Amino acid sequence: MKCLVTVKQVVDPYINIRINSDHTAVETANIKMAMNPFDEIAMEEAMRQKEAGIISSITAVSIGPISVQETLRQALARGADEAIHVVTSQTLTPLNIAKVLAVLVKQQQTQLVLLGKQAIDDDCNQTGQMLAALLGWAQGTFCSSVKIDVANQGITVARETDYGLETLQLRLPTVITTDLRLNEPRYISLPNVMQAKRKPISSINLDSIISELRTEIKTLKVEAPPQRKAGIMVQSVNELLHKLQHEAQVI
Ligand code: AMP
């Protein structure tokens with residue numbers, strides 16, 4: 001069974017972000033970028049399923065400018081067999097990303113797609129769900145456990161929900177989105193990084209996949225959250241209670 005894993009390049013989660021000068025997005029020029037953390041988890045899951053003999057090959061896909069090839073190299077170092085770069089300088093909405101992925105899934109004859117539950121830059125949490133709808137496939141979202149039974153063409157997943165763990169039985173082909181607790185991605189060794197340099201990345205222009213893009217959402221403004229005021233030290237519980245009552249007026 002072939003598996004496709006989507007890997008988005010995002011601003012490194014460990015650096016401070018700032019808004020660009022025209023207030024339309026987060027600044028990405030000369031900023032350290034990284035693979036979306038939930039996509040690292042998706043890659044790790046694909047690797048574990050491959051090591052268990054369930055998945056035969058892993059194709060990593062990223063959509064974006066030339067710089068996303070760095071993220072694809074990381075996916076190859078994490079164990080992907082090949083990578084596809086869909087080249088575009090435009091910022092696409094989740095629906096457009098899902099449309100592109102749907103075309104690739106059909107071309108690749110994949111039966112399983114693993115995506116992160118959300119990209120930490122736009123926090124949309126939509127692409128996996130939209131992809132499953134476009135393909136007419138089953139979907140397991142926010143998965144913290146994935147058990148594939150190839151003989152019965154089924155997958156059992158546990159979903160992390162606000163009211164507890166939900167266990168679902170899904171029929172293949174399936175779209176899975178990964179939760180934080182699904183696994184802990186392994187460390188990438190230097191030999192893996194070196195090997196990844198020899199693995200193939202094929203580039204496809206966005207226009208050759210989708211001739212006309214509909215932009216259904218327009219970003220009007222992006223603003224940084226208000227600066228938090230510095231805290232103060234109080235000398236006693238009584239002073240704290242007094243301040244909460246008379247200054248903050250919360251009790
Ligand atoms: P979102 O719906 O934007 O929160 O993204 C959910 C998931 O969709 C991400 O974790 C990625 O796996 C995938 N995805 C979104 N945008 C891209 C992209 N430009 N390239 C590759 N994968 C993407």
Side-chain angles (χ1 to χ4, degrees), residues 3-13 17 25-26 28 33-47 58-76 78-80 82-105 107-108 110 112-135 137 139-144 146 159-160 174-183 185 201-207 209-210 213 215-219 222:
C3 171
L4 201 126
V5 181
T6 56
V7 292
K8 184 175 187 187
Q9 187 173 59
V10 295
V11 172
D12 187 303
I17 56 163
V26 163
T28 53
M33 305 296 279
M35 184 185 294
N36 183 43
F38 293 109
D39 300 348
E40 288 182 348
I41 295 171
M43 262 311 305
E44 175 65 30
E45 191 57 29
M47 271 310 287
I58 303 168
T59 304
V61 179
S62 196
I63 303 162
I66 186 80
S67 63
V68 307
Q69 290 203 2
E70 264 173 54
T71 303
L72 286 170
R73 284 277 164 228
Q74 287 167 24
L76 292 168
R78 288 193 173 276
E82 54 173 15
I84 300 175
H85 174 202
V86 179
V87 187
T88 177
S89 54
Q90 300 178 59
T91 303
L92 303 189
T93 58
L95 181 56
N96 284 322
I97 297 280
K99 284 180 182 170
V100 172
L101 293 174
V103 174
L104 293 179
V105 164
Q107 280 174 1
Q108 297 286 314
T110 305
L112 179 67
V113 185
L114 287 168
L115 307 92
K117 73 169 179 183
Q118 74 194 62
I120 60 158
D121 51 3
D122 59 23
D123 274 344
C124 280
N125 173 14
Q126 296 168 8
T127 310
Q129 294 87 330
M130 288 176 170
L131 176 63
L134 290 172
L135 294 168
W137 288 11
Q139 59 178 289
T141 52
F142 308 96
C143 291
S144 58
V146 174
R159 300 185 60 237
E160 299 264 332
T174 308
V175 171
I176 299 283
T177 75
T178 60
D179 203 276
L180 197 62
R181 276 166 289 274
L182 179 57
N183 59 49
I201 297 182
S202 22
S203 294
I204 313 173
N205 268 329
L206 178 70
D207 316 347
I209 298 182
I210 286 193
L213 277 180
T215 308
E216 66 287 347
I217 300 172
K218 186 175 171 209
T219 302
V222 178

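These numbers were taken from a predicted model, which means no experiment stands behind them. As the structure lists them, so they are numbered: ligands from 1, and atoms in each ligand from 1.
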Student: Write out the residue and atom name of the closest protein heavy atom to atom 21 (C) of ligand 1, then the distance separating them to 0.1 Å.
Tutor: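 Minimum-distance protein heavy atom for atom 21 (C) of ligand 1 reads V7 O, 3.4 Å.
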Student: Taking side chain to side chain contact (heavy atoms under 4.5 Å, CB included) as the criterion, tell me which of L101, T6, V68 meets it with I63.
Tutor: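 It is L101; the other options fail the test.
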Student: Taking the side chain as every heavy atom from C-beta outward, state whether Q126 and L95 have any atom pair closer than 4.5 Å.
Tutor: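 Q126 vs L95: side chains apart.
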Student: Check whether any N or O atom of I63, backbone or side chain, sits under 3.5 Å from an N or O atom of ligand 1, and answer yes or no.
Tutor: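 I63 vs ligand 1: N/O contact under 3.5 Å present.
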Student: Any N or O on G116 sitting closer than 3.5 Å to an N or O of ligand 1?
Tutor: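 Yes, G116 has an N/O under 3.5 Å of an N/O on ligand 1.
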Student: At under 4.0 Å between heavy atoms, is it the side chain or the backbone of L115 that contacts ligand 1, or both, or neither?
Tutor: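 Both backbone and side chain of L115 come within 4.0 Å of ligand 1.
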Student: Are Q9 and S67 linked by a side-chain donor-acceptor pair shorter than 3.5 Å?
Tutor: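 Yes, because at least one side-chain N or O of Q9 sits under 3.5 Å from a partner of the opposite role on S67.
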Student: Going by the order shown, which atoms of ligand 1 are within less than 4.0 Å of some heavy atom of V61?
Tutor: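 Within the 4.0 Å cut-off of V61, ligand 1 contributes 21 (C).
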Student: Quick check: A119 and ligand 1, any N/O pair under 3.5 Å apart?
Tutor: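 The answer is yes, given that A119 and ligand 1 share an N or O pair closer than 3.5 Å.
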Student: Any side-chain heavy atom of L180 sitting closer than 4.5 Å to one from E160?
Tutor: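 They are not in contact (no side-chain heavy atoms under 4.5 Å apart), so the answer is no.
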Student: Measuring from atom OG1 of T88 to atom CG of L206, what distance do you get when rounded to the nearest 0.5 angstrom?
Tutor: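 The OG1 atom of T88 sits 4.5 Å away from the CG atom of L206.
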Student: Side chain, backbone, both or neither: which part of L92 comes within less than 4.0 Å of ligand 1 when only heavy atoms are counted?
Tutor: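 Neither part.
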Student: Check ligand 1 against C124 and write out every atom of the ligand that is under 4.0 Å from a heavy-atom position of the residue.
Tutor: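 Once the distances to C124 are compared, the set is 1 (P), 2 (O), 3 (O), 4 (O).
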Student: Counting only heavy atoms, which portion of T127 has something under 4.0 Å from ligand 1: side chain, backbone, both, or neither?
Tutor: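 Answer for T127: both.
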Student: Among all protein heavy atoms, pick out the one at the shortest distance from atom 22 (N) of ligand 1; state its residue, atom name and that distance to 0.1 Å.
Tutor: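 Ranking protein heavy atoms by distance from atom 22 (N) of ligand 1, first comes T6 CB, 3.5 Å.
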Student: Checking contacts here: is it the side chain or the backbone of V68 that comes within 4.0 Å of ligand 1, counting heavy atoms only? Could be both or neither.
Tutor: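 It is neither part, as no heavy atom is under 4.0 Å.
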Student: Short question: side chain of D121, backbone of V11 - any donor-acceptor pair under 3.5 Å?
Tutor: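 No, D121 side chain to V11 backbone: no donor-acceptor pair under 3.5 Å.
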Student: Considering non-hydrogen atoms only, spot the tightest contact between T141 and T177 and give its length.
Tutor: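 Result for this residue pair: CA-OG1, 3.1 Å.
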Student: Is I209 close to I204 at the side-chain level, that is, under 4.5 Å between some pair of heavy atoms?
Tutor: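 Of all side-chain heavy-atom pairs linking I209 with I204, at least one is under 4.5 Å.
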Student: I need the contact type for D39 against ligand 1. Using non-hydrogen atoms and a strict under-4.0 Å cut-off, is it side chain, backbone, both or neither?
Tutor: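 The answer is the side chain of D39.
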Student: Can you confirm, on distance only, whether ligand 1 has an N/O atom lying under 3.5 Å from any N/O atom belonging to D123?
Tutor: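 No; every N/O pair is 3.5 Å or more apart.
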Student: What's the shortest heavy-atom distance between R78 and P185, and which atoms?
Tutor: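 Smallest heavy-atom distance, with atoms named: NH1-CB, 3.8 Å.
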Student: How far is atom 23 (C) of ligand 1 from its nearest protein heavy atom, and which residue and atom is that?
Tutor: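 Minimum-distance protein heavy atom for atom 23 (C) of ligand 1 reads K8 CB, 3.8 Å.
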